[in-house]
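So the structure is just underneath, and the comments pick up after that.
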Protein chains: 2
Amino acid sequence: MVVETLSPDEVDRLFQALADATRRDILARALTGEHSVTALASRYEMSFAAVQKHVAVLERASLVVKTRRGREQLVTADPDALAAARGLLEQYEALWRLRVAAIDDLLADG
Amino acid sequence: MVVETLSPDEVDRLFQALADATRRDILARALTGEHSVTALASRYEMSFAAVQKHVAVLERASLVVKTRRGREQLVTADPDALAAARGLLEQYEALWRLRVAAIDDLLADG
DNA sequence: CTAACGTGCAACCAAATGGTTGTAGAAACT
DNA sequence: AGTTTCTACAACCATTTGGTTGCACGTTAG
């Protein structure tokens, strides 16, 4: 899929979803394989409902997708959103390089 | 400076700080030049105190640094934290590539 | 010296977050 | 058919977040 242009709200949800250690751990598991919500929940010292909410946050951020297999719901990562986030940070770094270049020019001219 | 290893809490603060459009805008300005807190505040439709809090959040995430110049406080970006965040996302993408490679191997062997 | 400016901080408020327990429905096993 | 498993969701609670106003303090300008 092509890299989409994200609205500010989507970027908010993206970084918000990444701002929690449990969710980053769930994301890492979802990146390496398919796991049901219960399988994921068994890994953490919190209730099933809490893990379910974390998965929902990752889903709203488009970082993971759920697909039904019988009575369980398989959570898998969508690397596109991840790439979008990385792309945003690269844009910020490009801004920084612009500034450094401008300062260099000033020093060279002076 | 060398890329540091970040604690989970530091990563939380990093992504949390990036999860707000106003803060991302402040960061973009801080990346391209030095601005006092009042100068930044004049750009947004909210109180000075609100902008001051946003700058404090960016500061706790090590994304910006404040340096005194007379009675004003100049906000400048620290690109190291930005690079750290991008590096983290690259690690997640590396996980994804591992998974893709494993699936490819399965298909090749089968 | 006095006034104005830039900042920091506390108190307060509404809304969102991260957790809990409990209930209920759909799918699967016996 | 009945029971268990997996998931979803509501209600509730404490804490955090994002905003406000007001006040105090150091620094600069007149």
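Chain identifiers are assigned alphabetically (A, B, ...) following the order of the sequence lines, protein sequences preceding nucleic acid strands; residue numbering begins at 1 within each chain. Source: prediction; values computed, not measured.
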Tabulate protein N/O versus nucleotide N/O from nucleotides 18-21 of chain C, keeping only pairs under 3.5 Å, one per line.
from	atom 1	to	atom 2	distance (Å)
C/dG18	OP1	A/R23	NH2	3.3
C/dG18	OP2	A/R23	NH1	3.1
C/dG19	OP2	A/H54	NE2	2.2
C/dG19	N7	A/K53	NZ	3.1
C/dG19	O6	A/K53	NZ	2.3
C/dT20	OP1	A/S47	N	3.3
C/dT20	OP2	A/S47	N	2.9
C/dT20	OP2	A/S47	OG	2.5

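What separates CZ of B/R13 from P of D/dT16 is a distance of 13 Å, to the nearest Å. Per the geometry, CD1 belonging to B/I26 stands 12 Å off C1' belonging to D/dG18, to the nearest Å. To the nearest angstrom, C1' of D/dA10 lies 12 Å from CD of A/Q52. At whole-Å resolution of the value, CZ in A/F15 and P in C/dT17 are 16 Å apart. What separates CZ of B/R24 from P of D/dG18 is a distance of 12 Å, to the nearest Å. For B/E59 and C/dG8, the CD to P distance is 8 Å, given to the nearest whole Å. Between the CG atom of A/L74 and the P atom of D/dA8 there is a distance of 11 Å, given to the nearest Å. Atom P of nucleotide C/dA28 and atom CD of A/E72 are separated by 9 Å, given to the nearest angstrom.
A search for side chain to side chain donor-acceptor pair (under 3.5 Å) contacts involving A/Q91 returns nothing, not counting sequence neighbours. The salt bridge (Lys or Arg N to Asp or Glu O under 4.0 Å) search around B/R13 returns none, not counting sequence neighbours. Applying the salt bridge (Lys or Arg N to Asp or Glu O under 4.0 Å) criterion to A/R68, with sequence neighbours excluded, gives no partner residue. Applying the side chain to side chain donor-acceptor pair (under 3.5 Å) criterion to A/R24, with sequence neighbours excluded, gives B/D12. Every residue meeting the salt bridge (Lys or Arg N to Asp or Glu O under 4.0 Å) condition with B/E90, not counting sequence neighbours, appears here in chain and number order: B/R86.
Put simply, the side chain of A/E10 gets close to the backbone of A/S7: a donor and an acceptor are under 3.5 Å apart.
Judged as a salt bridge (Lys or Arg N to Asp or Glu O under 4.0 Å), not a single pair has a partner in residues 37-52 of chain A (not counting sequence neighbours).
A close approach under 4.0 Å does occur between a side-chain nitrogen or oxygen of A/Q73 and OP1 or OP2 of D/dA8.
Minimum interatomic distance between A/A81 and A/L63 (heavy atoms only, all atoms of both residues): CB-CD2, 3.8 Å.
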Report, one line per pair, each donor and acceptor closer than 3.5 Å where one atom sits in a side chain of residues 49-56 of chain B; sequence neighbours left out.
from	atom 1	to	atom 2	distance (Å)
B/H54	ND1	B/R23	NH1	3.2

Checklist entry - Tell me, for nucleotides 25-30 of chain D in 5' to 3' order, what letter each nucleotide earns: B for a base near a protein heavy atom under 4.0 Å, S for only sugar-phosphate near one, - for neither? => result --BBS-

